[in-house]
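In what follows, a single structure is set out as structure tokens and then discussed.
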Amino acid sequence: MTETVLLVGGGGREHAIARALANECDLYACASNRNPGIKSLADGFETIEETDAEAIVAFADEVGATLAVIGPEAALAAGVADALDDAGTYTFGPRASEARLETDKAFQRRFMADEEIPGNPDFETFDDMEAACTYIDEYDGDLAVKPAGLTGGKGVKVIGDQVTAEEAKTYLRESGYERVVLEERLVGEEFTIQAFVANGEFRLTPAVQDHKRAYVGDEGPNTGGMGSYTDTTPYLPFMTAADYDAAADVIEAVVDALPAYKGILYGQFMLTAEGPKVVEFNARFGDPEAMNTLPALETPFIDVLTAGRDGEPLPELSFSGQATVCKYAVPDGYPTDPDSGARITVDEETVGDALLFYASVDEREDGLYTTTSRAFAVVGMGDSIDAAEAQAEAGLAAAGDGVRIRHDIGKSDLVQRRIEHMDEIRD
Ligand code: AMP
Ligand code: GLY
């Protein structure tokens, strides 16, 4: 039977999901922006806010969706998975109560403590910003300051890295946040492991390293992620198989504690001198990480979805073993003052062998327009990170004016720096 899948979301991550599913099912999609990549792959597309559960359920009903996949966390937080499930469409994405693992950082840390999930840093939560400031004054060491709610990865301030303790206190006092988490600053190299989860089972994917800082050389404010890479093994050049396995143990502990969880469980880890610690969990694919992971996945994604729905064992996953490098083109001024509503061009003919993923752009009659977020990404693949990087760079010739790219991502200088940094941490 041909499945009919409804995909919710209009970013680069969702374009990667659409590409993985398009040949395996009848695909319909909805998002607030008109992503030309998703539109061209889907049999039908509707402009619907990702948080409008009622309209999404109506669209699922109209197209006869037998499955749904949710890309963005905002949809999960708004209960779109609950609404679709309750209306009879099995949805690969957790219910809002379980998505709190991502959407409420105070819940996340408390859950880890209560369930004795390994890798939890020292933390406290505060509703009173003055009490949080006092904690900063009295804490022996640096802290990371995190608003409890969703901020698109841009709300966290790390003392001793991005801000001083005084700046962190001013940030808290001026923020208007109702609840914050203060936690031990973790020092090391970050990596992501995403797992497909359903029916109490999970299947792991290769580790990815994202680059959150806006500018070349890891300078500037945090962003949603400027680009990412994977190696030819499940590990990254700065980590060992044992580091990966320790992170996998964390994923397993979470799945054991949440037997009804379904969807992607995304672990963001800091590889510290003591091994991997949890920076955060996300309840969906990473963006950009989905663009590294899905093109290398050889197992049909639809088989994971149907196994989840039908209560069957999840298929073992097979990956191509190619390295991948993803680089985002973002609007000028992103993330602090993005030039939204600007017309940009992408020359699809020039992308060559690289993969092009459209993200938060809006296709109008007279062309492609930026929004406040990342515009499009190019992914190179190859037998080494260097080869993948070269293919991505060649593909980026497709980018016209009005966008900014971190060309250093995936280049051997930066990859080498990460290895040396990890060596220093381990010494
Ligand atoms: P999050 O929104 O939790 O992903 O945080 C955004 C970024 O802030 C992470 O990718 C890290 O680079 C940084 N960060 C978050 N928590 C910590 C921590 N406890 N120690 C050091 N850096 C952190
Ligand atoms: N790349 C980070 C995220 O998707 O949250």
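Note that the coordinates shown come from a computational prediction; the quantities given were computed from them, not determined experimentally. For ligands, and for the atoms within them, numbers begin at 1 and follow the listed sequence. Both backbone and side-chain heavy atoms feed into the values below; hydrogens, waters and symmetry mates do not.
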### Query
Step by step, would you call I193 with V250 a side-chain contact (heavy atoms from CB on, under 4.5 Å)?
CA-CA 10 Å; I193 295 182; V250 173; over 6 Å; no

For ligand 1, does [X] get within less than 4.0 Å through its side chain, its backbone, both, or neither, judged by non-hydrogen atoms?
X    : result
K146 : side chain
V158 : side chain
V187 : neither

With heavy-atom distances below 4.0 Å as the criterion, list the atoms of ligand 1 near [X].
X    : value
K212 : 4 (O), 10 (O)
A144 : 17 (C), 18 (C), 19 (N)
N222 : 7 (C), 8 (O)
E183 : 16 (N), 17 (C), 18 (C), 19 (N)

#### Entry: Test: K146 cationic atom under 6.0 Å from F123 six-membered ring centre, within 45° of axis
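Not flagged: K146 not positioned over aromatic ring of F123.
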
### Query
Does the ring of F107 carry R100 above it, NZ/CZ under 6.0 angstrom from centre and within 45° of its axis?
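Judged by the rule (NZ or CZ under 6.0 Å from the ring centre, within 45° of its axis), R100 counts as positioned above F107.
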
### Message
Does ligand 2 come near enough to N282 that some N or O of the ligand is less than 3.5 Å from an N or O of the residue?
### Response
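It does: an N or O of N282 is found under 3.5 Å from an N or O of ligand 2.
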
### Task
Could you say whether the N/O atoms of R13 and ligand 2 ever approach to under 3.5 Å?
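Among all N and O atoms of R13, none is under 3.5 Å from an N or O of ligand 2.
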
### Query
What about E184: any of its N or O atoms under 3.5 Å from an N or O on ligand 1?
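Yes - when backbone and side-chain N and O of E184 are compared with those of ligand 1, one distance drops under 3.5 Å.
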
### Message
L186 versus ligand 1: do any nitrogen or oxygen atoms come within less than 3.5 Å of each other?
### Response
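N/O-N/O distance below 3.5 Å exists for this pair.
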
### Query
Judged by atom type as modelled, is there a donor-acceptor pair below 3.5 Å linking the side chain of D52 to the main-chain atoms of A55?
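Side chain of D52 to backbone of A55, a donor-acceptor pair under 3.5 Å: yes, one is there.
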
### Task
Report the distance from atom OG of S360 to atom CD of E14, rounding to the nearest 0.5 Å.
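The CD atom of E14 is 8.5 Å from OG of S360, to the nearest 0.5 Å.
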
### Query
Could you state the interatomic distance from CG (D249) to CD (E252), rounded to the nearest 0.5 Å?
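Rounded to the nearest 0.5 Å, the CG-CD separation comes out at 6.5 Å.
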
### Query
Any idea which atoms of ligand 2 are less than 4.0 Å away from a heavy-atom of D210?
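The atoms of ligand 2 under 4.0 Å from a heavy atom of D210 are 1 (N), 2 (C).
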
### Task
Mark the output for G286 as yes if a heavy-atom distance to ligand 2 is under 4.0 Å, and as no if none is.
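Judged by the 4.0 Å heavy-atom criterion, G286 does count as contacting ligand 2.
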
### Message
Contact between ligand 2 and G224 is defined here as a heavy atom of the residue under 4.0 Å from a ligand atom; is it met?
### Response
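Contact present.
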
### Working for side-chain contact (heavy atoms from CB on, under 4.5 Å), residues I56 and L6
CA-CA 9 Å; I56 293 169; L6 175 64; 3.9 Å; yes

### Query
If we ignore angles and hydrogens, is there a donor and acceptor under 3.5 Å between the side chains of Q108 and E280?
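There is no such pair (donor and acceptor under 3.5 Å, judged by atom type) between the side chains of Q108 and E280.
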
### Query
Taking atom types as modelled and ignoring hydrogens, do the side chains of E289 and Y266 form a donor-acceptor contact shorter than 3.5 angstrom?
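Present: a donor and an acceptor within the cut-off.
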
### Query
Once the angle between the rings of F126 and Y135 is folded into 0 to 90°, is it parallel (under 30°), tilted (30 to 60°) or perpendicular (over 60°)?
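Ring orientation, 0 to 90° scale: tilted.
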
### Task
Please work out whether any backbone atom (N, CA, C, O) or any side-chain heavy atom from C-beta onward of Q268 is under 4.0 Å from ligand 2, and answer side chain, backbone, both or neither.
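Q268 to ligand 2: no contact under 4.0 Å from either part.
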
### Query
Which is it for R284 and ligand 2 at heavy atoms under 4.0 Å: side chain, backbone, both or neither?
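For R284, only side-chain atoms sit under 4.0 Å from ligand 2.
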
### Query
Identify the closest protein heavy atom to atom 2 (C) of ligand 2: which residue and atom is it, and at what distance?
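Scanning the protein heavy atoms, the shortest distance from atom 2 (C) of ligand 2 goes to Y266 OH, 3.4 Å.
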
### Task
May I ask you to check whether F196 and F285 place their ring centers less than 6.0 Å from one another?
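Ring-ring flag for F196/F285: true, centres closer than 6.0 Å.
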
### Query
Out of Q268, E102, Q162, K105, whose heavy atom sits nearest atom 3 (O) of ligand 1?
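Nearest option to atom 3 (O) of ligand 1, by heavy atoms: K105.
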
